[in-house]
Student: 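Here it is: the structure, laid out below.
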Amino acid sequence: MTDLFEKSIRTLELPRVLELLSEQAVSAEAKQRALRLRPETEPEEVLRLLDQTDAARNLIGLRGSPSFSGVKPVAEALDRADRGGALNTRELLTIADLLTAARRAKEYFNDEAAEKTAIDHLFLSLHGNRFLEEKIKRAIPDEDTIADAASTELADIRRHMRAAQAKSRQILQKIISSPAYGKILQETIITQRDGRFVVPVKAEHRGALPGLVHDISSTGATLFVEPVGVVQANNEFIELQAKEQKEIERILAELSAEAAAHREDIQWDYDTLVHLDLIFARGQLSYKMNAVRPEVRRDGAIHLRKARHPLLDPKTAVPIDIELGDTFDTLVITGPNTGGKTVTLKTLGLITLMAQCGLHIPAKSDSTVRVFRRVLSDIGDEQSIAQSLSTFSSHMTNIVSILKEADGQTLILFDELGAGTDPVEGAALAAAVIESARELGALVAATTHYAELKVYAMTTPGVENASCEFNVDTLAPTYRLVLGIPGKSNAFAISRRLGLPVYATEGTWQGMDGAVGELAPHNRIVIRAGESFFLNDLEIAPFSIPHDAADPVGYRIFARDHSVAVATDLGYFSQDVRDAVTGAATVILAMGAGKKAAAAIDAYLQGKA
């Protein structure tokens, strides 16, 4: 996977989806594998992963998910045991818990089920080892305890330890209960020092109770004395403690050796359970997202039906339909700022990546995805009116890299292509970039505000317009994507709603050709070339004529109205626009449109053309 593909994966926010997947996994390793997941680029592998996700989702619906709570790493402990080392209680319990998880997974699986699934072989490959599992748990009930039942020798040692302890306490109990010793004892209690039973004696009566002094209080007023009568019993207890520890070490070594003997099976079970954990996490995420399995193709079209961006709230996200690669290989998406253009691009890219990771997608079941070798994007979240040259340069550097890497198995996503520079040059550059990508055989989806690209999409075979709807009355986008219809930026409609005068534009007739003064004298509005504006509820937007013309800048009307004319070379337009100019009562003049445009309009208005 290239650095550029990896960058696009981050831009399209696949890691955030993988975080959601990680949350559905149980074991630490499965969580990490979920975060490291990357799109597969072979259709057969994508289909295999989707088959696994299908199987997990179906099993979750029937029986819930298997328990993976005991699946923890054991490789390091098994390696040490294999080299002859003794494992501690925690490590052995971890192995036992893993064996329990393997056994329960085997019990969860129904080998007699009528319908076979893509994950049956994983369940069938689990080994388990109930004998070792129960032996460990019988010997080690918890991390801090070795049970008497661990061995008959340990049970016998501990029986003698209890007897020696009872004998010591019995002797000491007689001492502290005797009136003869009442005056010499600081307190009538039995305590321990260095593992031996002692009684607290007043320092001034040191010789009154024969025995060994094991400790002195901080004030020096109390001596902790082991009476002579309990020395032998205490010695016996200490000796038994040493035997107990030796037997415990032998038991741990024996259990460790048995675990090492089944090392490969235990490690296999761990890897298989982690794999199953990740698969069932995909199934759980499918339920959580109300997602479906799409149809998968290597070539052909993408058809997303009622697709939702997986990171948006499903209660408020507006489902969209997206098509690409059937009758057209390039989709040009237009519409207002905050209208959903970028979300549409990200939805297309992210859902494609999700499917190639083996994840179900939040869309209708009749959706189709295509497997790409790479999905490359140039998407910037900063949507500023004043973009610096450095921003433009950064985007162009990225675009150049994309075009170098793209081929016929690439999906390319451009957001606000050509933005950050002169609108006329930016539009021409955007069209050139799209054509370069198309020549490479890539599928392309691009967002733009440029009217030239709308015209380009309408007049170029294999390129289709799409728009993000905007409700001018409410000043709010609907977020619906409409194929086949170019969108409006709605800047002037929004401005009008906010109180800006519609005709608050300044210009001058000075410097224009004399012929201009003879044209449509009733209503004249002058707008600088390259600016988009609104008139009589029609969007008037600039575009560049793609020919070597004397007047390269003109305006296109996006709704026919016979009260409006366009000052440009009419020969470049369809008959519909020519008809709209004839008899126009209002003429829109572009500064710099030139004598040729004025003469052409004059000819039409006079009926001479």
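As a basis for the values below, the full set of heavy atoms in this structure was taken, side chains included, without hydrogen atoms, waters or symmetry mates.
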Student: Measuring from atom CZ of Phe224 to atom CZ of Arg193, what distance do you get when rounded to the nearest 0.5 angstrom?
Tutor: 4.0 Å
Student: So if I apply the side-chain contact (heavy atoms from CB on, under 4.5 Å) rule between Ile95 and each of Leu99, Leu98, Asp97, which one comes out positive?
Tutor: Leu99
Student: In terms of ring plane angle, is the pair Phe280 and Phe68 parallel, tilted or perpendicular, where the classes change at 30° and 60°?
Tutor: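 Judged by the thresholds at 30° and 60°, the geometry between Phe280 and Phe68 is tilted.
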Student: Please confirm whether Arg374 makes a cation-pi placement over Phe5, using NZ or CZ under 6.0 Å from the six-membered ring centre and within 45° of the ring normal.
Tutor: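 The answer is no; the distance or angle limit is not met.
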Student: Just verifying a value: how many Å separate Thr272 OG1 and Asp277 CG, rounded to the nearest 0.5 Å?
Tutor: 12.5 Å
Student: Counting C-beta onward and ignoring hydrogens, is there a side-chain heavy-atom pair between Arg297 and Val369 closer than 4.5 Å?
Tutor: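 A side-chain contact is absent here, since even the closest heavy-atom pair is not under 4.5 Å.
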Student: Answer yes when Glu91 and Arg80 have at least one side-chain N-carboxylate O distance shorter than 4.0 Å, and no when they do not.
Tutor: yes
Student: Evaluate the side chain to side chain donor-acceptor pair (under 3.5 Å) criterion for residues Gln186 and Thr222: first the C-alpha distance (whole Å), next the side-chain angles of each, then the deciding distance (0.1 Å), finally the verdict.
Tutor: CA-CA 7 Å; Gln186 196 72 265; Thr222 304; 2.9 Å; yes
Student: Decide yes or no for Leu20 and Leu311: does some side-chain heavy atom of the first lie under 4.5 Å from some side-chain heavy atom of the second?
Tutor: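 Of all side-chain heavy-atom pairs linking Leu311 with Leu20, at least one is under 4.5 Å.
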Student: For Lys31 and Glu29: C-alpha separation, side-chain torsions, deciding distance, then whether salt bridge (charged side-chain N to carboxylate O under 4.0 Å, His left out) applies.
Tutor: CA-CA 5 Å; Lys31 289 179 178 291; Glu29 178 62 22; over 6 Å; no
Student: Would His360 and Ser286 count as a side chain to side chain donor-acceptor pair (under 3.5 Å) if you check the C-alpha gap in whole Å, the side-chain angles of each, and the deciding distance to 0.1 Å?
Tutor: CA-CA 6 Å; His360 285 175; Ser286 177; 2.7 Å; yes
Student: Check Val343 against His309 and note the closest heavy-atom contact, atom names and distance.
Tutor: O-CD2, 4.2 Å
Student: Carefully, step by step, assess Glu19 and Arg16 under the rule salt bridge (charged side-chain N to carboxylate O under 4.0 Å, His left out).
Tutor: CA-CA 5 Å; Glu19 287 176 8; Arg16 288 185 60 192; 5.7 Å; no
Student: Could you tell me if Ser401 and Asn398 have a donor-acceptor pair between their side chains, going purely by distance under 3.5 Å?
Tutor: no
Student: Output the distance between atom CZ (Arg308) and atom CE (Met289), rounded to the nearest 0.5 Å.
Tutor: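 Arg308 CZ to Met289 CE: 8.5 Å, rounded to 0.5 Å.
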Student: Under a 4.5 Å cut-off applied to non-hydrogen side-chain atoms, are Leu14 and Arg10 in contact?
Tutor: no
Student: Could you tell me whether Glu44 and Arg48 make a salt bridge, using a distance below 4.0 angstrom between a side-chain N and a carboxylate O?
Tutor: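 Here Glu44 does not pair with Arg48 in a salt bridge, since their nearest N and O are not under 4.0 Å apart.
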Student: Can a cation-pi geometry be assigned to Arg57 and Tyr287, taking NZ or CZ under 6.0 Å from the six-membered ring centre and within 45° of the ring axis?
Tutor: yes
Student: Which heavy atom in Ala259 sits nearest to a heavy atom in Leu78, and how many Å separate them?
Tutor: O-CD2, 3.8 Å
Student: Side chains of Glu254 and Glu258: closer than 4.5 Å at any heavy-atom pair?
Tutor: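 Contact flag for Glu254/Glu258 side chains = yes.
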Student: Does some side-chain heavy atom of Leu223 sit less than 4.5 Å from a side-chain heavy atom of Pro200?
Tutor: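 The answer is no, as the side chains (C-beta and beyond) never meet within the 4.5 Å cut-off.
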Student: Have Thr41 and Gln356 got a donor and an acceptor in their side chains that come within less than 3.5 Å?
Tutor: no
Student: Carefully, step by step, assess Glu42 and Arg298 under the rule salt bridge (charged side-chain N to carboxylate O under 4.0 Å, His left out).
Tutor: CA-CA 8 Å; Glu42 293 298 326; Arg298 172 179 281 283; 2.6 Å; yes
Student: Testing Leu376, Thr410, Asp3 for side-chain contact (heavy atoms from CB on, under 4.5 Å) with Glu405, which one passes?
Tutor: Leu376
Student: Is the shortest heavy-atom distance from the side chain of Arg158 to the side chain of Ile146 under 4.5 Å?
Tutor: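 In short, these two side chains touch, coming nearer than 4.5 Å.
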Student: Are Arg162 and Asp148 within salt-bridge range, i.e. N to O under 4.0 Å?
Tutor: yes
Student: Apply salt bridge (charged side-chain N to carboxylate O under 4.0 Å, His left out) to Glu6 and Arg38, showing your working.
Tutor: CA-CA 9 Å; Glu6 187 68 37; Arg38 287 298 178 266; 2.8 Å; yes
Student: Short question: side chain of Ser367, backbone of Lys364 - any donor-acceptor pair under 3.5 Å?
Tutor: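 It does hold such a pair.
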Student: Do Val230 and Phe197 make a side-chain contact, defined as non-hydrogen atoms from C-beta onward lying under 4.5 Å apart?
Tutor: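 The answer is no; the side chains never approach within 4.5 Å.
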